[in-house]
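Both backbone and side-chain heavy atoms feed into the values below; hydrogens, waters and symmetry mates do not. Every chain is numbered from 1 and lettered A, B, ... according to where its sequence line falls, protein lines coming before strand lines.
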Number of protein chains: 2
Amino acid sequence: MSIEKKIEPNVMDKMCPSRVVLNHVTSRWGLLALIALKEQPLRFSELRRIIGNVSEKMLSQTLKTLEKDGFVHRQSFDVMPPHVEYSLTSHGQGVSLHVKALATWVETNIESLPFADATSAQ
Amino acid sequence: MSIEKKIEPNVMDKMCPSRVVLNHVTSRWGLLALIALKEQPLRFSELRRIIGNVSEKMLSQTLKTLEKDGFVHRQSFDVMPPHVEYSLTSHGQGVSLHVKALATWVETNIESLPFADATSAQ
DNA sequence: CAGTATCCTACACGATACTG
DNA sequence: CAGTATCGTGTAGGATACTG
C-alpha cells in the first residue's frame with residue numbers, strides 16, 4: 001500500500017540537534033510521558049490512561065520519538081495478547097529529572113501566578 | 001476595522017491552568033525567550049536577534065503570553081523612536097532556572113544521545 | 001492489547017505590509 | 001524601533017476504523 005513511505009517529516013529537522021531534542025522532551029505529550037514513566041515502567045494503555053486525552057496515534061508517535069532519542073526503552077513480550085512495557089533509559093532518567101522539576105515548579109507556583117485568575121472561575 | 005476582536009484563542013484553554021502555563025514556558029519561543037532574558041533585560045529587536053529566526057509576530061505573541069503569565073515584565077520608555085525593555089519578574093527568574101537547567105542538560109548530553117547520529121552529518 | 005492507516009481540521013507559524 | 005494586521009501554509013493532533 002505504500003511504495004513511498006510518508007513518515008511525517010518534522011520541520012524542525014533543520015534546527016540544531018539540541019533544539020530538536022529539547023522540542024521532543026518539552027512537547028505536549030513527551031513531557032507528560034517522561035513524567036509518568038519517571039515513577040515506574042508502564043504499558044501503552046496505562047500510559048494513555050495516566051496522561052489522559054492523548055490519542056493512540058499521538059502517544060505512539062511520541063514514544064517512538066523518545067525511543068529514538070534514547071530516553072525511552074520499549075520492551076515487548078511476545079505473548080498474546082501483546083504486552084509492551086515502556087521505561088526510561090538512564091538518559092531518560094536524566095532529562096525527566098529536569099522536566100519534572102519544571103513541571104513541579106509550575107504546579108507549586110500556579111496559584112501565585114496572575115494567570116490563575118483567568119481560569120480560577122472553574 | 002474590528003468590532004469583534006479575533007485574538008487567536010488557544011485550544012489548550014480547556015486544560016488545567018498549570019498545563020497551560022507549562023505549555024507557554026516550554027513553547028518553541030517561550031523557552032528561548034526565558035533563557036535569553038535570564039541573562040539580562042533585552043529590547044525587542046535584541047531578543048529577536050539572539051533567539052534567531054523568530055518572526056516579529058511570534059515573538060510579540062510569546063512575550064505577551066509570558067507577560068500575562070507573570071514571567072516577563074515589559075517596560076516602555078516613552079521616547080521616539082520607541083524603546084521597550086523586557087525583563088524577567090521574580091516568577092520569571094524562578095521558571096527560567098528550571099528551563100535553563102533542562103536546556104543545559106540537553107546541550108550537555110546531546111553528544112551521547114543516539115539522536116545526534118541522525119544529524120551529525122551536518 | 002498495542003498499535004497502524006487514513007482522513008480531516010484547527011491552529012502554530014512565517015511572510016509581508018503597514019503604523020505610531 | 002516596536003510592534004499590529006492580514007493572509008497563506010504545513011503540520012500537530014484528533015476521530016475513526018482496522019490489524020497481528
Next item on the list: Find the distance between CZ (B:R48) and CG (B:L63) and round it off to the nearest 0.5 Å.
Entry: 11.5 Å
Rounded to the nearest angstrom, tell me the gap between atom [atom1] in [X] and atom [atom2] in [N].
X	N	atom1	atom2	result
B:E46	D:dA2	CD	P	7 Å
B:L59	D:dA2	CG	P	10 Å
A:Q61	D:dA12	CD	C1'	8 Å
A:K57	C:dC7	NZ	P	12 Å
A:M58	C:dA2	CE	P	19 Å
B:H83	D:dG3	NE2	P	11 Å
B:R28	D:dG10	CZ	C1'	12 Å
B:Q75	D:dA2	CD	C1'	15 Å

Look at the side-chain N and O atoms of [X] and state whether any lies under 4.0 Å from the OP1 or OP2 oxygen of [N].
X	N	value
A:S60	C:dG3	no
A:R43	C:dC1	no
A:S45	C:dA2	yes
A:K64	C:dT4	yes

Next item on the list: Show your reasoning for whether side chain to side chain contact (heavy atoms under 4.5 Å, CB included) applies to A:W29 and A:L59.
Entry: CA-CA 7 Å; A:W29 307 119; A:L59 183 55; 5.6 Å; no
Note to self: Do A:H91 and B:S112 pair up side chain to side chain, a donor and an acceptor below 3.5 Å, judged on atom types alone?
What the structure shows: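 Note: A:H91 and B:S112 side chains meet the donor-acceptor criterion.
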Margin query: Quick check: on DNA chain D, is the nucleotide nearest A:W29 upstream (toward 5') of the one nearest A:P82, or the reverse? Name the residue that is more 5'.
Written below: A:W29
Next item on the list: Return the nucleotide paired to D:dT16: Watson-Crick means purine N1 to pyrimidine N3 with N6-O4 or O6-N4, wobble means G-U with N1-O2 and O6-N3, both under 3.5 Å.
Entry: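 C:dA5 - that is the nucleotide pairing with D:dT16, both distances being under 3.5 Å.
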Counting the atoms with a prime plus P, OP1 and OP2 as sugar-phosphate, which does [X] contact under 4.0 Å by heavy atoms, base, sugar-phosphate, or nothing?
X	result
A:Y86	sugar-phosphate
A:R48	nothing
A:N53	sugar-phosphate

Next item on the list: Keeping the roles fixed (side chain from A:T89, backbone from A:F71), state whether a donor-acceptor pair exists under 3.5 Å.
Entry: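 Checking the backbone N and O of A:F71 against the side chain of A:T89, a donor-acceptor pair under 3.5 Å is found.
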Item checked: Close side-chain approach of B:K57 and B:S60, heavy atoms under 4.5 Å ->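 Contact flag for B:K57/B:S60 side chains = no.
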